[in-house]
Structure formats: structure tokens, C-alpha cells
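Reviewing the structure listed below.
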Amino acid sequence: MTKEECYFLGKITKPHGLKGEVILWMDVDVPELYENMESVFLEENGELVPYFFENLQIRGKKSIAKFEDMETIEETESIINCEVYLPIDNLPVLDDKTFYYHELPGFQLKEEKTGEIIGVITKVYEGAGQDLIAFEIEGTEVLVPISDDIVKKIERDNNILNVNLPEGLIEIYTEN
């Protein structure tokens, strides 16, 4: 399994107690969707290694995980700060109004009002206050807020994200 075939689920942040449990910080909107997970992949030295759960207690984004064959705090030391991944195949299929951030880079942005392709998404920035889609116009990065008012529909078959940009947004970035 390679990282390209997976998505980032979270990170092992620290030990929990003395009996081989760890805190699994989950970078997902609804951690409860993962309560029946049997295994994950941990990145160790650039490689993805499968780990199987003995027990998983979902407690919001900071869950408590106990992996098979880890019985002491010392045995968990090697996995602290490891990133956690799951195969992309595990993701639920979404409708045409919702999307996963990892799937957006490479999609074309299409302005709904004009039908014009205005750029290709290069990156998605996740922030505390507002998540942003980045694309370039004439070598300048333009940032578009991700909101229901702006992002209207995703066409996965055509790699297009339909948007309704606020008037003047592009000009803020392109005017000298």
C-alpha cells in the first residue's frame, strides 16, 4: 500500500496510560464513522505499515487506541508521532455537493455564471477559521473560500468544481 492509495486519517500523539494504549488524533469531521475500524496504516520511516486494533474507543477527535501486541508504554514509543492512513477505497461515496479535500487538486474551477474555466486547483488550505481552495491566474495564487455560497457542485467525471465567485474576488489578486 502506498501513500498515494491512501488518505490521511490522523496521528498517534502520545501514550495513554501504561498498558500500551495511545491517543489517536483523528483529522476527520465525524470520528464516530470510524468506530468499527479493524486496522490502519502507520507511516514508519517512509513506509506504510499495517497495525490492527485490539480496542478503539472513539472520544471525538482524540480517541484511545490499543493495537495488538502492544502491552506496555515502552512498546508504544516507536509509533508516537506516526501519521495514520486508510485506503482511499474506504471512503464513503459522496454526492455532487460534497467532496474530500484530497480529491480537489487537479480539478478545473468553472465559474457557474459564465461557464468559463478560470483555473486549475493546485492546493487546499485548511485553516482554523476558513478553508481555502488555491489556483493560479497568470502566475498569481488566488484563494477561494470553501463555503456553500461559493462552491456549488462537483463533477467528478469531468474533474470540474463549479463555483459562484464573489464579484471582484479575482481582481483583488490580479490588479497591480
* Asked: Under 6.0 Å from the CG atom of Asn81, do we count more than 12 heavy atoms belonging to anything else shown?
  -> yes
* Asked: Would a distance-only check, ignoring hydrogens and angles, find a side-chain to backbone donor-acceptor pair under 3.5 Å from Lys61 to Val28?
  -> yes
* Check whether more than 12 heavy atoms from other residues, nucleotides or ligands sit under 6.0 Å from atom CG of Leu18, and answer yes or no. => no
* **Greater than 12 external heavy atoms within 6.0 Å of Asn158's CG** => yes
* Note, Leu132 side chain near Pro145 side chain (heavy atom, < 4.5 Å) -> yes
* Using only heavy-atom distances, determine whether the side chains of Thr2 and Glu5 contain a donor-acceptor pair under 3.5 Å. => yes
* Asked: Do Glu167 and Leu169 come close enough that some side-chain heavy atom pair is under 4.5 Å?
  -> no
* In this structure, are over 12 heavy atoms from other groups packed under 6.0 Å from Glu47 atom CD? -> no
* Can you tell me how far OG1 of Thr13 sits from CD1 of Ile80, rounded to the nearest 0.5 angstrom? -> 7.0 Å
* Heavy atoms, side chains only, cut-off 4.5 Å: are Leu42 and Glu83 in contact? -> no
* Asked: Without hydrogens or angle criteria, can the side chains of Tyr173 and Glu138 be said to hold a donor-acceptor pair below 3.5 Å?
  -> no
* Glu75 side chain to Glu71 backbone, donor-acceptor under 3.5 Å -> yes
* Asked: Considering residues, nucleotides and ligands other than Lys152, do more than 12 of their heavy atoms fall under 6.0 Å from its NZ?
  -> yes
* Can you find a heavy atom in the side chain of Lys66 that is under 4.5 Å from one in the side chain of Val22? -> no
* To do: Ignoring hydrogens and angles, tell me if any N or O in the side chain of Glu175 forms a donor-acceptor pair with the backbone of Ile172 under 3.5 Å.
  => no
* Would you indicate whether the side-chain heavy atoms of Asn162 and Glu155 approach each other to under 4.5 Å? => yes
* To do: To the nearest 0.5 Å, tell me how far Ile64 CD1 sits from Leu24 CG.
  => 10.5 Å
* Asked: Take atom CD in Glu126; do more than 12 heavy atoms of anything else shown fall under 6.0 Å from it?
  -> yes
* To do: State whether the side chain of Gln130 and the backbone N or O of Ile146 hold a donor-acceptor pair below 3.5 Å, judged by distance alone.
  => yes
* Asked: Pairs in or reaching into residues 104-116: which pass side-chain hydrogen bond (donor to acceptor under 3.5 Å, both in side chains), with residues at least two apart or in two chains?
  -> Lys113-Asn164
* To do: Measure the spacing between CD1 of Ile160 and CZ of Arg156 and express it to the nearest 0.5 Å.
  => 13.5 Å
* Can any side-chain N or O of Thr76 pair as donor or acceptor with the backbone N or O of Pro15 at less than 3.5 Å? -> no
* Structure fact -> So ring pair (Phe, Tyr, Trp, His ring centres under 6.0 Å) across residues 3-44, not counting sequence neighbours, yields Phe8-Tyr85
* Can you find a pair of side-chain heavy atoms, one from Ile133 and one from Val142, that are under 4.5 Å apart? -> no
